[in-house]
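Worksheet for the structure shown next.
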Amino acid sequence: MADYELPPPSAFPSLSTEDRITIITHLLERSPALESLILPGFFSVTSYGKLVAYSRAVLLNLASESQNDPTKREVLLEILAAHPRLGARKIDSAHSVAEQASLQGEAEALAALNKEYEEKFPGLRYVVFVNGRPRDAIMANMRSRITRGEYELEKIEAVNAMCDIAIDRAKKLGAALE
């Protein structure tokens with residue numbers, strides 16, 4: 001994580017597809033479905049802020065369309081599942097490991113909440129911007145969203161959280177957003 005530096009936006013036009021995928025992975029997690037949606041628009045963005053805004057628009061559109069389209073729903077769920085469960089023992093993303101450090105010591109409680117969340121919202125993964133927030137606040141947010149029980153709103157919350165996380169990661173990797 002710390003050894004990767006985002007290239008300047010001025011380099012966007014000359015980046016290879018592999019380099020663009022690396023950027024998407026660092027900002028939004030690794031997901032072939034996500035890459036296939038974001039790569040086409042990557043050619044027209046001129047900043048990291050615009051890349052995240054483009055990603056948010058594409059994903060919110062997908063969330064809306066997924067309400068009545070089972071194929072699009074599966075694509076969205078695959079993308080959201082790229083984010084690790086809160087408190088998971090094995091997390092592949094160094095970014096997520098660092099972001100979830102404040103949740104150490106709550107594995108059992110988080111596992112129970114993850115299970116309850118995923119039973120309430122089949123196919124969804126709870127995604128929230130954790131970094132810097134105390135575990136009690138995160139767990140209260142998770143409980144609140146479970147209690148609210150609005151599946152379509154959860155998709156929107158997850159997409160927005162993914163993109164908020166991406167903005168934070170871009171800043172931490174030294175990128176100016178505009």
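Keep in mind that this is a model prediction, so the values were computed, not measured. Nothing fancy with the numbering, it's 1 onward along the sequence.
The minimum heavy-atom distance linking Pro7 with Ala11 is given by the pair CB-CB, 4.3 Å. Nearest heavy-atom pair, Lys171 versus Leu177, reported as atom, atom and distance to 0.1 Å: CE-CD1, 3.5 Å. Residues Ile165 and His83 share a closest heavy-atom pair of CD1-CE1, 3.8 Å. Val58 approaches Leu37 most closely through the heavy-atom pair CG1-CB, 3.9 Å. Minimum heavy-atom separation, Ala175 to Tyr48: CB-CD1, 3.5 Å. Between Val52 and Cys163 the shortest heavy-atom distance is CG1-O, 3.5 Å.
A salt bridge is absent between Arg125 and Glu78; no separation between the charged side-chain nitrogens and carboxylate oxygens falls under 4.0 Å. Using a 4.0 Å cut-off between charged nitrogen and carboxylate oxygen, Glu150 and Arg145 do not count as a salt-bridge pair.
Defined by atom type and a distance below 3.5 Å, a donor-acceptor pair is present between the side-chain atoms of Ser16 and Asp19.
Counting heavy atoms from C-beta on, the side chains of Val159 and Lys155 never come closer than 4.5 Å.
Around the CD atom of Glu178, the shell of radius 6.0 Å holds more than 12 heavy atoms that belong to other residues, nucleotides or ligands.
No donor-acceptor pair closer than 3.5 Å links the side chain of Ser64 to the backbone N or O of Asn61.
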Exercise. Salt bridge (Lys or Arg N to Asp or Glu O under 4.0 Å) between Glu154 and Lys120: does it pass, once the steps are laid out?
Worked result: CA-CA 11 Å; Glu154 276 309 299; Lys120 183 77 168 188; over 6 Å; no
For this session: Could you please spell out the steps behind the salt bridge (Lys or Arg N to Asp or Glu O under 4.0 Å) verdict for Asp164 and Arg56?
Result: CA-CA 9 Å; Asp164 293 345; Arg56 188 184 309 265; 3.0 Å; yes
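Each of Leu6, Leu28, Leu27 was compared with Arg169 under the side chain to side chain contact (heavy atoms under 4.5 Å, CB included) criterion, and only Leu27 meets it.
Residues Val127 and Leu153 do not share a hydrophobic cluster, clusters being chains of Ile/Leu/Val/Met/Phe/Trp/Tyr side chains in contact below 4.5 Å.
Between His26 and Tyr4, the ring planes lie parallel to each other; the angle is under 30°, not in the 30° to 60° tilted range.
In this structure, Arg20 forms a cation-pi arrangement with Phe43, its terminal cationic atom sitting closer than 6.0 Å to the ring centre and no more than 45° off the ring axis.
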